[in-house]
Amino acid sequence: MTAIAPAPRRRLAPMVLFAILPLLTLGYQIAAKASAGHLAGIRFDGDWLLNAIRMPTVQIVLVCEVASFVAWMTVLAEMPLSAAFPLSAVSYVLIIAASALVFHEPVGLLQVVGSLAILVGVWLIGRGGHETPPGPVA
């Protein structure tokens, strides 16, 4: 009897989680921050909404949100929620880095330490999913 290889979709799900979802979240947050900066001085009414809809950065926000939903549904179809959701925390680290690089926001030592703790935590959670259950000793 031969082992059945996992479907390509099943093998793709973790790569989607690690690569696409954090980048979509990062794109969403950068576009949202840029949009908020432009819309901050406009009174919130119908004109505000029309201005928002016409802004390319708001359109990027909407595209990133829809694409994230599709990617997340793909991942959840193939991975346990307990493994998938913590791994999405990698985007927090990317967003802190982008806030410094794109918006020139200050990043303190505690944010750097917290980011490293997130990455270590994600790594530990990922390692926990690969532990082999105890079995009989030969």
Side-chain angles (χ1 to χ4, degrees):
M1 181 175 209
T2 59
I4 298 173
R9 185 174 162 191
R10 183 174 300 272
R11 290 187 306 232
L12 183 63
M15 289 187 290
V16 169
L17 183 63
F18 283 117
I20 294 175
L21 279 172
L23 294 177
L24 287 171
T25 301
L26 178 64
Y28 176 98
Q29 293 302 328
I30 289 173
K33 177 68 175 171
S35 301
H38 286 99
L39 292 170
I42 301 173
R43 192 176 79 191
F44 185 72
D45 58 9
D47 287 338
W48 181 92
L49 184 59
L50 288 175
N51 281 328
I53 290 171
R54 292 181 185 137
M55 292 175 56
T57 53
V58 171
Q59 295 166 2
I60 290 170
V61 166
L62 296 173
V63 167
C64 286
E65 185 69 19
V66 170
S68 292
F69 176 77
V70 171
W72 187 239
M73 291 299 105
T74 302
V75 167
L76 289 181
E78 303 299 333
M79 291 182 70
L81 179 62
S82 63
F85 189 74
L87 296 176
S88 67
V90 170
S91 62
Y92 300 153
V93 176
L94 293 175
I95 291 168
I96 289 171
S99 71
L101 295 173
V102 176
F103 299 109
H104 307 290
E105 295 177 359
V107 176
L109 179 62
L110 289 178
Q111 289 174 300
V112 172
V113 171
S115 297
L116 292 174
I118 288 171
L119 293 176
V120 169
V122 167
W123 180 75
L124 289 173
I125 291 171
R127 298 272 306 164
H130 298 292
E131 292 178 0
T132 56
V137 178

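Only a predicted model underlies this, so the values are computations on that prediction, with no experimental measurement involved. Start at 1 with the first residue, then count along the sequence.
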Taken to the nearest 0.5 Å, the spacing of Thr25 OG1 from Leu94 CG works out to 9.0 Å
CG (Leu50) and CE (Met55) are apart, to the nearest 0.5 Å, by 13.0 Å
What residues, two or more places apart in sequence or in another chain, satisfy salt bridge (Lys or Arg N to Asp or Glu O under 4.0 Å) together with Asp45? Arg43
Do Ile20 and Phe85 sit in the same hydrophobic cluster, where Ile, Leu, Val, Met, Phe, Trp and Tyr count as joined when their side-chain heavy atoms come under 4.5 Å apart? yes
Nearest 0.5 Å, what's the CG-SG distance between Leu21 and Cys64? 11.0 Å
Do Ile60 and Leu23 sit in one hydrophobic cluster, given that two such residues count as connected whenever their side-chain heavy atoms are within less than 4.5 Å of each other, even indirectly? no
Decide whether Leu62 and Tyr28 are clustered together by the hydrophobic rule: side chain heavy atoms of Ile, Leu, Val, Met, Phe, Trp, Tyr closer than 4.5 Å, transitively. no
Nearest 0.5 Å, what's the NZ-CD distance between Lys33 and Glu105? 5.0 Å
Where do Ile42 and Trp48 come nearest, in terms of heavy atoms and distance? O-CD1, 3.5 Å
Please report the shortest heavy-atom distance between Ala89 and Ile118, naming the atom on each side. O-CG2, 3.6 Å
Nearest heavy atoms of Thr57 and Ala31, plus distance in Å: O-CB, 3.4 Å
Would you name the heavy atoms of Val75 and Ala84 that are closest together and state the gap between them? CG1-CB, 3.9 Å
Considering residues, nucleotides and ligands other than Ile53, do more than 12 of their heavy atoms fall under 6.0 Å from its CD1? yes
Calculate, to the nearest 0.5 Å, the distance between atoms CZ and CD1 belonging to Phe103 and Ile95 respectively. 10.5 Å
State plainly whether one hydrophobic cluster holds both Leu24 and Met73, where clusters connect Ile, Leu, Val, Met, Phe, Trp and Tyr through side-chain heavy atoms under 4.5 angstrom apart. yes
Nearest atoms (heavy-atom pairs only) where Leu81 meets Pro86: O-CD, 3.9 Å
Any chain of hydrophobic side-chain contacts (each under 4.5 Å) joining Val58 to Val63? no
Shortest non-hydrogen contact between Gly108 and Gln111, atoms and distance: N-OE1, 2.8 Å
Mind checking the CG-CG spacing from Leu49 to Leu39? Nearest 0.5 Å is all I need. 9.5 Å
